[in-house]
Number of protein chains: 2
Amino acid sequence: MATRIVEPEAGPRSKRAAILAAAVDCFGETGFEATKWSTVAERVGIGQTALYHYFESKTHCLLTIMRLELQRSHDKFTEATEGVEEPTEALRAAVRAAYDVSDHEVLQMRILHNHMDLLSGTRKSKREEAERVEARKLVQLVERNWTNLLVKGMSMGAFPLRDAQLLGSGVLGLIVSVWRWYRPSGPTPLSEVSELIEGACVRMVAT
Amino acid sequence: MATRIVEPEAGPRSKRAAILAAAVDCFGETGFEATKWSTVAERVGIGQTALYHYFESKTHCLLTIMRLELQRSHDKFTEATEGVEEPTEALRAAVRAAYDVSDHEVLQMRILHNHMDLLSGTRKSKREEAERVEARKLVQLVERNWTNLLVKGMSMGAFPLRDAQLLGSGVLGLIVSVWRWYRPSGPTPLSEVSELIEGACVRMVAT
DNA sequence: GGATCAACCTGAGTTCAGTTCAATTCAGGT
DNA sequence: ACCTGAATTGAACTGAACTCAGGTTGATCC
């Protein structure tokens, strides 16, 4: 089993959680590059240099946010699909789970998928690289989750036989593409998106 | 009709095209943030400050690349679908056109979709903002292309009635999600991707 | 209650990539 | 030969990420 990064245990006056929350807001609303690292400090109510007590760099913070979101997504998928035997029902449950998120998690999704490319190249500093490697592992885990779901359905005869890996990344791509444009304040409620995508995925896979 | 940005006509010793080509290579391989603007200059064989004769900023160059790629995509879609009456055939043609690209264009796609978020917020400088606005217009045009294709198919009875706008952005999202992971040097040939996605789109829309 | 120690924080200063600017070269037209 | 504007450059500037050397806080132990 992959070793999860040891989450620094929160000393009673640690601001780590507050920094992460503020960073998610800033990076999500304004964009990572566009938000000044010092603005995050301001919002938390500390000097900019204090940030470096918790994160090695602005990018290290971003990678941490991405890893946490990936971990959350993976856990949610597992929770939603375990015990569901019927393949099509499992697929539906997985899709619904993907869109069962809070507004804050929407931001985290946006951040995650806007910076996936960061996970390709290696990082110079130790802790950044650790987060990157862990995040990459989680990406592969999530992809495997979907592939396995499809493979199972195909072997049970519920889904026609196709390249499960390719189709899996297609399904996943379709699902996460929503985070590029969806805004909680926008005209389309997430429930509507969820229903349409759920149907689309089923037709894509089970027809 | 929307006014296309006047492409600066090439003086005989203009290096604009060379800069764009080098930038696409660098941004595509290394990533936009990770590549130093001065590296692009080196590769072209000029001093870094000479770049500012052609582009207002590194970001201005990026936005230009994105706009050009969007223009290309739009033109290709139009060319591929015009005159194709049968909706399912039009859909198939559009998907195939989306994947009928050179290696260089793959890089451009990657750059484009890795920086879509840039098109949201307004830019401070004039020329950057002009490119951004134009690119945004093209994004909407491309989206409308797909939506129209679906609407047409639905009204002709070839596709079941669904929210064409939402389904359209789904189809588009599925198609472009490939550019996040596809590498010409990778194990999966683009032809294979194209076929699978083509089928997936048809099932998604026409079932 | 005072010593101790680690966690936490800060102001001043460094770095470095992107950018500006004034000055210069170059090529084509008259 | 001269002029004009495009193309280029070296030197200097900017600003945001980051470093450093030290200061503060508060929990714990005697």
Side-chain angles (χ1 to χ4, degrees), chain A residues 6-23 26-27 29-65 111 115 118 121 123-129 131-132, chain B residues 6-23 26-27 29-65 111 115 118 121 123-129 131-132:
Chain A
V6 284
E7 218 63 54
E9 47 215 283
R13 62 193 173 117
S14 169
K15 301 237 170 69
R16 205 184 115 98
I19 292 170
L20 281 170
C26 291
F27 297 169
E29 310 281 3
T30 319
F32 174 71
E33 302 297 337
T35 71
K36 297 184 209 172
W37 200 205
S38 62
T39 304
V40 175
E42 252 176 57
R43 191 171 296 204
V44 176
I46 57 179
Q48 11 183 344
T49 52
L51 293 171
Y52 293 91
H53 183 70
Y54 301 96
F55 298 101
E56 211 173 13
S57 64
K58 192 185 171 190
T59 305
H60 179 218
C61 178
L62 171 63
L63 286 165
T64 303
I65 291 170
I111 293 167
H115 297 94
L118 259 188
R123 303 258 100 208
K124 286 175 185 169
S125 80
K126 276 283 153 58
R127 297 168 70 197
E128 275 184 26
E129 179 64 5
E131 290 285 7
R132 187 191 73 84
Chain B
V6 283
E7 217 65 53
E9 44 217 284
R13 59 191 176 120
S14 168
K15 300 235 168 70
R16 204 183 116 99
I19 292 170
L20 281 169
C26 290
F27 296 170
E29 310 280 4
T30 319
F32 173 71
E33 301 297 337
T35 70
K36 297 186 208 168
W37 200 205
S38 62
T39 304
V40 176
E42 254 176 55
R43 192 170 296 203
V44 176
I46 57 178
Q48 17 182 343
T49 51
L51 293 171
Y52 292 90
H53 182 69
Y54 301 97
F55 298 101
E56 210 172 14
S57 65
K58 192 185 171 190
T59 305
H60 179 219
C61 178
L62 172 63
L63 286 165
T64 303
I65 291 171
I111 295 168
H115 297 94
L118 260 187
R123 306 256 98 209
K124 287 174 186 170
S125 79
K126 278 283 156 58
R127 297 168 69 196
E128 275 184 24
E129 179 64 5
E131 290 285 6
R132 188 191 73 84

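Protein chains get the first letters and strands the later ones, always in sequence-line order, with residue 1 at the start of each.
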Side-chain N or O of A/H53 closer than 4.0 Å to phosphate OP1/OP2 of C/dC8: yes

message: Nearest whole Å is fine: how far is D/dT19 P from A/E56 CD?
response: 8 Å

task: Please work out if A/T35 contacts a base, only the sugar-phosphate, or nothing of the nucleic acid, heavy-atom cut-off 4.0 Å.
output: sugar-phosphate

- prompt: Hey, which of A/R123, A/R132, A/E128, A/E131 is the one that makes side-chain contact (heavy atoms from CB on, under 4.5 Å) with A/L118?
  reply: A/R123

query: Do NZ/NE/NH1/NH2 and the carboxylate oxygens of B/E129 and B/K126 come within less than 4.0 Å?
result: no

N/O to N/O distances under 3.5 Å, protein versus nucleotides 21-27 of chain D:
residue: D/dT25; atom: O2; partner: A/R13; partner atom: NH2; Å: 2.9

Atom of A/A22, atom of A/V40 and distance for their closest heavy-atom approach: CB-CG1, 4.2 Å

field: Shortest non-hydrogen separation from A/C61 to A/F27 and the atoms involved
entry: SG-CE1, 4.3 Å

- line: Rounded to whole Å, CZ of A/R16 lies from P of C/dC8 at a distance of 11 Å

message: What is the distance, to the nearest angstrom, from the CZ atom on B/F27 to the C1' atom on C/dA17?
response: 13 Å

Between C/dG11 (P) and A/L51 (CG): distance, integer Å: 13 Å

- request: To the nearest Å, give me how far apart CD (B/E33) and C1' (D/dA16) are.
  value: 13 Å

- prompt: Rounded to whole angstroms, how far apart are CD on A/Q48 and C1' on D/dA17?
  reply: 9 Å

Value rounded to 0.5 Å, distance of CD1 in A/I65 from NE2 in A/H60: 11.0 Å

task: State whether B/Y54 places a side-chain N or O below 4.0 Å from either non-bridging phosphate oxygen (OP1 or OP2) of D/dT8.
output: yes

query: Between B/K15 and D/dT8, is there a side-chain N or O to OP1/OP2 distance below 4.0 Å?
result: yes

- request: Give the rounded distance in Å between these two atoms: CD of B/E128 and C1' of C/dG18.
  value: 12 Å

query: With a cut-off of under 6.0 Å to the ring centre and 45° to the axis, is A/K15 in cation-pi contact with A/Y54?
result: no

query: What heavy-atom pair brings A/I19 and A/V44 nearest, and what distance separates the two atoms?
result: CA-CG2, 3.8 Å

- request: Starting from P on C/dT15, measure out to CH2 on A/W37 and report it in whole angstrom.
  value: 22 Å

query: Given D/dC18, D/dT9, C/dC9, which nucleotide is nearest the side-chain atoms of A/I46?
result: C/dC9

query: Within the distance-only criterion (no hydrogens, no angle test), does the side chain of B/K58 pair as donor or acceptor with the backbone N or O of B/K36 below 3.5 angstrom?
result: no

Could you pull out the protein-nucleic contacts involving nucleotides 11-15 of chain D (nitrogen or oxygen on both sides, under 3.5 Å)?
none

task: To the nearest 0.5 angstrom, please state how far the CG atom of A/L51 sits from the CD atom of A/E56.
output: 13.5 Å

